[in-house]
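Here is how names work: the chains are called A, B, and so on, in the same order as the sequence lines, proteins then strands, and each is numbered from 1. Side chains included, hydrogens not; waters and symmetry mates left out as well; all remaining heavy atoms used. Everything quoted here is computed from the prediction, not taken from an experiment.
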Amino acid sequence: MPFIPHTPADIQTMLQCIGVPEVESLFGEIPTDLRCPSLDLPPALGEMAVGRLMRDRAESDANGLCFIGAGAYEHHIPAAVWEIAGRGEFLTSYTPYQAEASQGTLRLLYEFQTMMAGLTAMDAGNASLYDGGSGLGEAVLMAARSSAHPGGKILLPATIHPHYRAVVQAMTRDQDLEVVEIPFDPVEGRIHPKTLNRFHGQKVAALVIPQPNFFGVLEEVDLLTDWAKAEGAIVVGLVNPVSLGLLKPPGLWGAQGADIACGDGQPLGIPLSSGGPYFGFLCCKQPLLRQMPGRIVGRTEDPQGNTGFILTLQAREQHIRRAKATSNICTNQGLMTVAAAIHLSLLGPEGLANTAAVCHARTKALVEKLTAIPGVTRLFSGPFFHEVALKLPKPVAPVLARLARLGIQGGYRLGQGYAQMDKALLVCATETRTEADLDLYADTLSWVLNVKEG
Amino acid sequence: MPFIPHTPADIQTMLQCIGVPEVESLFGEIPTDLRCPSLDLPPALGEMAVGRLMRDRAESDANGLCFIGAGAYEHHIPAAVWEIAGRGEFLTSYTPYQAEASQGTLRLLYEFQTMMAGLTAMDAGNASLYDGGSGLGEAVLMAARSSAHPGGKILLPATIHPHYRAVVQAMTRDQDLEVVEIPFDPVEGRIHPKTLNRFHGQKVAALVIPQPNFFGVLEEVDLLTDWAKAEGAIVVGLVNPVSLGLLKPPGLWGAQGADIACGDGQPLGIPLSSGGPYFGFLCCKQPLLRQMPGRIVGRTEDPQGNTGFILTLQAREQHIRRAKATSNICTNQGLMTVAAAIHLSLLGPEGLANTAAVCHARTKALVEKLTAIPGVTRLFSGPFFHEVALKLPKPVAPVLARLARLGIQGGYRLGQGYAQMDKALLVCATETRTEADLDLYADTLSWVLNVKEG
Amino acid sequence: MLETIFDISRDERRNSQHIPEPPAPAEEIPERFLRSAPPPLPRVSELQVVRHYTRLSQLNFSVDTQFYPLGSCTMKYNPRACHVLATLPGFVNRHPFSNDDSGQGMLRCLYELQEMLGEIAGMRAVSLIPMAGAQGEFAGVAMIRAHHRARGDDARREMLVPDASHGTNPATAAMCGCTVREIPTNSDGDVDLEALRQAVGKQTAGLMLTNPSTLGVFERQVKRMAEIVHAAGGLLYYDGANLNAVAGRVRPGDMGFDAVHFNTHKTFATPHGGGGPGAGPVAVSERLAPYLPVPIVKKSIDDKGREWFSWSGEEDLPDSIGRLATFAGNVGVLLRAYVYLRMTGAEGLRRISGFATLNANYLMARLRKAGFTVAFPGRRATHEFIISLKPEADACGISALDFAKRLLEYDFHAPTIYFPSLVPECLLIEPTETETLETLDRFVEAMIAIRREAQTDPQRLQTAPHAVPIPGGGVGRLDATRAARKPDLIWKEKMSR
Amino acid sequence: MLETIFDISRDERRNSQHIPEPPAPAEEIPERFLRSAPPPLPRVSELQVVRHYTRLSQLNFSVDTQFYPLGSCTMKYNPRACHVLATLPGFVNRHPFSNDDSGQGMLRCLYELQEMLGEIAGMRAVSLIPMAGAQGEFAGVAMIRAHHRARGDDARREMLVPDASHGTNPATAAMCGCTVREIPTNSDGDVDLEALRQAVGKQTAGLMLTNPSTLGVFERQVKRMAEIVHAAGGLLYYDGANLNAVAGRVRPGDMGFDAVHFNTHKTFATPHGGGGPGAGPVAVSERLAPYLPVPIVKKSIDDKGREWFSWSGEEDLPDSIGRLATFAGNVGVLLRAYVYLRMTGAEGLRRISGFATLNANYLMARLRKAGFTVAFPGRRATHEFIISLKPEADACGISALDFAKRLLEYDFHAPTIYFPSLVPECLLIEPTETETLETLDRFVEAMIAIRREAQTDPQRLQTAPHAVPIPGGGVGRLDATRAARKPDLIWKEKMSR
Ligand SMILES: Cc1ncc(COP(=O)(O)O)c(C=O)c1O
Ligand SMILES: Cc1ncc(COP(=O)(O)O)c(C=O)c1O
């Protein structure tokens with residue numbers, strides 16, 4: 001029997017000990033009218049047959065040369081990352097409730113928290129949330145709980161990933177929070193600090209600042225942070241962790257720094273995988289610590305003075321605090337943080353900094369090549385990190401379809417998330433794209449744009 | 001620096017301690033005229049670039065639907081096999097010289113030896129040789145050393161894999177051994193026991209018996225073994241380990257059984273990999289034990305009576321016995337035996353037996369379908385295991401080339417190894433081939449054979 | 001003593017094989033956006049990284065190395081095939097926004113998984129999006145609220161949960177803006193029906209129930225409960241965390257539930273990964289279908305008559321509670337569940353719940369015969385059961401915690417302790433179907449031996465573990481109070497010599 | 001105590017997910033060919049297999065977990081990229097007899113590897129076939145004999161080897177039908193030139209030499225030796241096992257050698273796999289090129305002007321010594337070496353030998369300063385060096401073996417002991433370039449501590465290790481004599497309860 005080790009003799013021994021004639025008898029307490037006949041599922045296959053099935057299906061999934069970013073990024077992942085993260089002891093253990101039997105996971109999580117807090121210049125970090133979008137949702141709820149203006153407005157710029165904003169909507173809808181969208185400057189592609197002035201004095205609970213924003217543009221984080229702090233609002237920095245190899249960390253924005261930093265950890269060694277599993281990270285300044293959702297690992301000692309690590313501050317969590325917990329999260333994205341910690345250790349400071357710098361340089365080069373095509377222009381003027389919004393001379397959808405057939409995933413169609421942007425394309429080039437890749441894209445796009453319709 | 005952890009400060013500390021100004025000084029004893037200027041090698045690439053290069057190359061290597069056997073067989077390999085065999089502690093340890101620090105490898109090898117000895121019905125097994133061909137070479141040398149007729153003839157049937165025979169030739173050439181080829185019966189495709197009569201009383205040192213033979217045909221192993229034992233010869237059984245799920249093991253051939261069993265372990269969980277790494281296995285009856293080449297693991301105890309495992313009978317080996325050793329082998333195919341032990345444990349007795357039976361049934365079905373094509377017939381009449389030689393109405397080479405372009409690796413061209421067999425094709429279907437695969441092959445072959453030359 | 005990765009960091013150590021050549025300085029990014037110092041990450045060699053994390057891994061207990069009877073967590077064998085086949089290059093390298101053409105293999109798997117989960121749940125429609133059980137609960141309660149809202153009855157904001165419910169249930173209700181009312185359990189381990197009857201009313205949004213419950217028994221009156229709640233206008237949510245006990249035998253839909261989540265990481269054998277990731281797909285009845293979280297995989301027939309799979313979003317489900325994940329949830333985890341279900345089929349699933357139940361009942365019977373106190377002696381165990389160490393605690397002055405810690409020294413992971421909190425000094429024990437009789441017997445022997453120690457040498461338990469015997473990583477019982485009092489959550493020492 | 005897989009086997013336990021449905025009985029195979037009982041393999045569940053072998057693995061010391069300074073074995077970090085990229089599906093799924101079209105990627109890598117190895121060796125031609133160093137030696141000596149034979153001088157059957165040579169050298173010579181004469185070493189660790197001069201003659205087939213030698217020093221007179229041997233009509237074979245010391249700096253071809261083997265598993269970082277597999281490609285000078293073992297990858301230009309790679313066999317090399325491997329040798333291992341060399345390049349290779357030498361010399365200097373007896377104090381260490389524990393043995397009654405066993409308890413794998421046998425109570429220590437200064441320092445501290453123990457508590461060493469501290473697997477010093485006296489080589493107990 002697949003995955004069941006019982007021999008007929010074992011079964012007899014066990015039934016005898018229990019004192020029942022057969023396994024079915026063990027279900028006697030279930031009302032008979034509830035018991036269902038056999039289910040209509042596909043027939044069981046051996047591992048060999050399933051293997052063939054899945055290999056065939058995986059082979060039909062080919063990504064091609066990818067210039068899409070939009071919240072998920074193709075990066076070099078050292079081979080060692082998953083070779084180690086995939087070890088059975090990391091893979092098949094659970095949340096480290098028994099600290100003494102889980103020092104591997106716990107010590108790693110402590111290291112992970114340190115790395116993320118270091119990257120974001122925060123005082124503490126948790127052991128992960130589900131993904132960037134839901135992580136932002138948690139950050140917003142956390143900000144609302146901690147704010148000097150309870151029940152105040154949550155300002156959510158339109159320059160945030162449309163799906164992130166949708167998740168925040170879904171997560172806050174039943175909380176009666178007032179989430180307000182901030183429009184962006186159509187020339188620069190980012191929030192004009194003046195836009196905020198209309199909220200002056202209006203009990204702003206929190207301001208979320210994306211850096212870089214969804215268009216790849218760099219927001220004026222210092223000005224925005226200072227404005228929000230002056231209003232008594234909590235500042236949530238939504239950041240791409242790879243960009244932090246190059247960009248100023250949220251903890252240092254403006255005079256006082258942001259209060260919370262969050263984002264999606266996917267760029268740190270996690271494969272694209274059609275969208276998941278990734279992980280959300282969440283860091284904060286000391287005063288907000290006890291409002292943090294999720295697992296947190298702390299350092300402590302045993303009676304002999306040996307250093308050890310343990311889940312701590314559990315009074316925040318659902319299994320202790322139930323309805324009063326900071327979140328309902330229980331299972332998180334543990335294994336992904338194992339990979340991220342290994343990934344960051346392999347890259348080191350220079351690795352992350354150079355990766356970020358090369359991403360920027362590649363994107364710059366890509367944009368130069370693409371905007372050399374007649375009719376292709378940059379949509380926004382603001383400085384960028386590794387994504388740029390372009391305006392094409394034609395609607396984007398058919399262009400992308402044609403590019404895909406030629407083996408190129410050409411970018412994200414901004415019309416999906418923004419009205420009146422049907423000719424806008426968001427492109428990205430990370431360190432994985434070579435000069436030859438960029439040329440191929442530019443040549444192919446140029447050809448596609450010149451092909452007669454039909 | 002790739003893979004070198006030294007910091008500039010470390011280097012200074014170390015040089016100071018040694019008392020030299022620079023690393024180059026450490027090479028001062030090398031005569032200057034021997035030192036070479038820089039080598040002409042391709043420039044160093046980062047892991048990301050090499051990764052892309054290798055992925056591109058691997059993608060250009062596609063095997064298609066495979067009906068080739070001829071010494072290497074596609075079998076189901078449970079996913080757990082390489083997930084566990086690839087663990088760093090197995091992968092990056094060395095030959096277990098320090099037994100107490102290598103109980104993992106040692107205990108596994110003891111289990112492996114037991115499994116192989118059990119499969120072949122022998123008394124002992126070693127911890128692997130390089131591959132099937134060189135393993136047969138070692139077995140022949142071992143037989144020659146142990147024989148009652150030192151310097152006698154080694155009978156090597158022509159029904160043995162041509163490459164195996166070539167390896168035996170290469171390994172024995174400088175030993176002044178008389179290796180004699182035994183022809184096969186052109187009707188049955190195997191050794192006719194009568195063929196041996198001409199060697200009667202001629203000091204036969206050893207007879208090698210392949211089962212199944214290279215044509216997939218089953219030799220009359222009982223008769224052959226009895227004949228050889230009567231001549232005072234050592235009998236070497238050359239076997240496919242998967243076939244032993246179904247077939248009589250060499251240790252039980254004839255009245256007394258073979259003395260040595262050897263073969264290629266590739267079918268036991270090792271991927272095809274264009275020919276290697278595989279592993280050779282070698283088992284023998286008790287009296288020949290001290291003539292065995294290679295590592296052997298034994299069970300022993302520590303002072304507290306704990307069971308432990310250790311390399312033993314090392315007096316046979318090159319590092320102790322030098323020129324008088326049973327072989328020069330040092331590094332063997334260790335990791336492959338790790339995989340094989342795991343593979344055999346996952347399959348168990350029924351798994352191996354059924355796999356062998358299904359291989360046979362699939363091949364039988366394949367042959368029925370192919371011989372239904374006009375002009376395609378079986379070449380030999382002997383009973384077979386999971387390979388069959390066919391005669392095509394056309395030369396095989398262009399047919400195979402055409403099949404390959406259609407995604408089918410159609411078999412082994414027997415003309416490569418045997419004269420006058422240009423229209424003979426050796427086909428194989430293992431348990432991995434579905435009914436649909438067989439039909440596809442039959443349909444495609446039929447089409448190819450009917451296409452006009454050109 | 002193993003160090004942290006920061007202890008072994010050294011200035012100027014680097015892995016150049018992973019460091020791209022720096023480009024010309026990024027001049028066009030104005031200074032004010034840039035960080036002034038490199039990020040504080042460790043500087044270690046690749047060998048150091050591999051060795052450090054390999055050794056760390058060895059400090060963990062895990063299913064692959066130990067019996068791990070952690071109640072409510074279903075720590076069963078996670079077939080390697082699921083892992084390997086879900087991480088084939090074609091699957092892991094695909095961008096979430098790549099066009100659907102490039103994802104037909106993955107989408108087909110997910111579509112079929114939706115269908116299979118619907119069948120297993122006895123429900124009408126499925127969304128795979130939630131990324132863990134708790135998010136599945138969120139989706140469920142949010143759908144229940146959306147349903148009431150759509151009916152113009154938004155005052156229904158009280159969620160009922162049994163007092164033994166898992167913490168995520170009340171926490172979820174709160175996140176959905178509900179107040180929580182706990183319903184007591186009777187001495188048999190069933191919900192007190194009378195109390196339920198009295199609790200329902202116009203304010204009732206619904207009831208969240210795990211069945212079998214976290215007490216390790218099957219809630220026999222579940223249909224009566226459904227009637228009571230439905231009659232009062234509320235809906236019923238099924239927390240599927242314990243589905244391994246009944247999968248293929250009883251369907252939440254048939255029990256009267258309106259929504260259910262699966263914990264694929266429990267029932268369908270995704271490895272737990274030291275905390276995750278899992279997945280928490282939700283299945284719902286007809287009336288909640290319009291509210292499912294998006295996106296959902298839909299099937300259509302293309303112009304060549306072939307099946308075609310694509311994500312369908314807000315356009316197709318305008319009443320959806322919206323998005324809970326940035327992209328499509330934990331696709332990789334869902335593929336693992338798909339592979340697992342293809343290997344078990346319906347009969348295999350039934351067998352799984354059968355043997356999970358057999359193992360639990362056998363272990364319970366043996367422990368009871370050995371004199372341990374079973375929490376609900378009149379009841380069958382489901383896939384798990386509870387024993388109370390209250391008598392041992394009273395007699396010897398030891399606690400369930402002490403017992404658990406001592407079990408680690410016997411090379412067993414401890415069962416869940418102190419949950420559910422109704423039963424004093426409890427162990428919630430879930431052996432799962434993949435463990436052998438021999439392992440269960442060894443566990444019983446250890447339990448008996450520890451109880452004997454409790455009588456003769458209670459201190460041995462109270463100070464356990466002394467050091468889990470793993471090289472370089474052994475720690476004795478860690479001081480949790482100290483950890484919480486002065487939280488030390490990140491490494492602050494200087495990071496190089 | 002962990003058991004063997006046979007201890008945990010139980011009748012009728014099976015993993016049906018790996019057992020194909022049995023077909024109709026194989027009637028047409030006559031009874032006499034069939035086995036009468038199923039093969040005696042363990043019957044265990046997949047979880048049991050995974051758990052058993054995972055825990056077994058944890059009982060190993062390995063490069064990934066410990067410092068492993070095993071002299072002559074080059075236990076350095078094996079980059080995971082080499083492993084992962086050499087096992088991509090396109091590579092591992094290809095049948096050796098698939099047509100060349102389907103192997104252009106692999107063949108191109110191997111062709112380029114041939115070119116690179118030729119350049120590193122300073123030789124004319126390369127065959128990748130030998131599957132380990134010892135088989136490379138066999139190829140080399142067989143080619144030397146083929147060369148003499150072709151010249152009609154088949155009487156040359158004496159092979160010279162230094163007395164410090166590795167055991168595979170004389171063993172190989174014997175397998176090639178040669179007698180072996182050992183040449184003594186002088187007190188500096190160089191070969192005694194005078195003795196060599198006297199040894200050569202008409203019977204001399206050649207000389208096998210490792211340089212740097214197994215004594216951890218560079219043979220300074222290698223060119224003189226080559227002259228002597230060549231003048232006598234013999235050829236020179238270079239055992240490349242120690243190439244990590246000089247790669248990219250000195251080339252065997254330039255030293256006067258006619259043939260050389262590489263140990264890819266040493267110099268080019270293939271993991272050693274608990275004993276293998278490795279690969280032992282050979283490179284030769286012009287005059288031995290005709291004899292190389294087949295097949296060899298050749299490049300041609302196809303009709304479309306593209307490079308085309310294919311295996312070339314006996315047809316192209318009629319004088320070849322023939323085949324040493326069934327197919328094409330350890331292709332997967334060779335791909336690992338290829339990846340490694342593409343990551344290092346020429347400069348990286350030079351750096352590797354530089355830092356391997358730096359680490360060895362540093363360790364030697366520190367141990368010498370700490371009072372240990374270095375075998376060749378007047379010489380530079382190469383990538384390894386020897387210390388003799390003779391003084392400690394004489395003073396305290398401990399042996400090199402005792403020292404080695406005690407090192408295990410300090411969490412270090414022991415260096416090679418008692419080889420080369422010239423130096424009494426020796427340790428041959430090879431730290432490799434991938435280890436940090438901190439690790440070397442910790443090793444020195446351990447050595448000093450153990451010597452102190454030898455003085456104060458020699459029994460502590462003599463009985464070490466007491467139990468290598470790994471859960472369930474700790475064994476004390478194992479009785480090797482008992483193992484050899486009554487060999488227990490396979491499990492004979494009944495395999496089920
Ligand atoms: C009964 C019960 N409900 C809900 C959950 C929450 O599921 P998850 O951890 O996947 O969020 C758990 C998890 O332990 C559980 O045991
Ligand atoms: C000096 C020397 N020569 C030859 C060999 C044999 O190489 P292999 O083990 O690859 O057969 C070794 C291996 O340890 C060695 O150290």
Colleague: Inspect the contact between D/Arg380 and B/Glu29 and indicate whether a charged nitrogen and a carboxylate oxygen are less than 4.0 angstrom apart.
Modeller: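 D/Arg380 and B/Glu29: not salt-bridged.
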Colleague: Examine whether an atom of B/Ser327 lies under 4.5 Å from a heavy atom of chain D, and if so say whether it belongs to the side chain, the backbone or both; otherwise answer neither.
Modeller: both
Colleague: Distance only, no hydrogens: is a donor on one side chain within 3.5 Å (strictly under) of an acceptor on the other, for D/Asp479 and B/Thr300?
Modeller: no
Colleague: So which of B/Ala341, B/Cys66, B/Ala72 has the biggest tally of heavy-atom pairs under 4.5 Å with chain D?
Modeller: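 That would be B/Ala72.
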Colleague: Looking at chain B, which one of D/Lys405, D/Glu21, D/Glu137 has the largest number of heavy-atom pairs inside 4.5 Å, strictly under?
Modeller: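 Highest number of pairs under 4.5 Å: D/Lys405.
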Colleague: With only heavy atoms counted, which part of B/Leu141 is less than 4.5 Å from chain D, the side chain, the backbone, both or neither?
Modeller: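 Contact with chain D involves the side chain of B/Leu141 alone.
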Colleague: With a 4.5 Å limit on heavy-atom distance, are the side chains of B/Gln409 and D/Phe97 in contact?
Modeller: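 Result no, sub-4.5 Å side-chain heavy-atom pair not found.
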Colleague: Is it the backbone or the side chain of B/Phe309 that comes under 4.5 Å from a heavy atom of chain D, or both, or neither?
Modeller: both
Colleague: Taking D/Val475's backbone N and O only, do any of them form a donor-acceptor pair with B/Asn306's side chain (distance below 3.5 Å, no angle check)?
Modeller: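 Flag not set: sc B/Asn306 to bb D/Val475 has no pair under 3.5 Å.
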Colleague: Chain B: which of D/Ser36, D/Gly322, D/Cys73 shares the most heavy-atom pairs with it under 4.5 Å?
Modeller: D/Cys73
Colleague: Heavy-atom pairs under 4.5 Å with chain B are the metric here; pick the option from D/Asn359, D/Thr326, D/Thr416, D/Thr357 that has the most.
Modeller: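 Max contact count across the listed options: D/Thr326.
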Colleague: With a 4.5 Å heavy-atom cut-off, do B/His6 and D/Phe355 have their side chains touching?
Modeller: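 Answer yes - side chains close enough.
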Colleague: Tell me which of these, D/Ala173, D/Gly348, D/Ala365, has more heavy-atom pairs under 4.5 Å with chain B than the rest.
Modeller: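 Between D/Ala173, D/Gly348, D/Ala365, the count favours D/Ala365.
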Colleague: Under a 4.5 Å heavy-atom cutoff, which of B/Pro249, B/Gly71, B/Ala124 has the most pairs with chain D?
Modeller: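 Most pairs with chain D among the choices: B/Pro249.
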Colleague: At a heavy-atom separation under 4.5 Å, does B/Val297 approach chain D through its side chain, its backbone, both, or neither?
Modeller: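 Contact with chain D: backbone only.
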Colleague: Counting heavy-atom pairs under 4.5 Å with chain B, which one of D/Arg366, D/Lys223, D/Glu347, D/Arg350 comes out on top?
Modeller: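 Of the options given, most contacts go to D/Lys223.
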Colleague: Would you mind checking which part of B/Leu352 comes under 4.5 Å of any heavy atom in chain D, side chain (CB onward), backbone (N, CA, C, O), both or neither?
Modeller: side chain
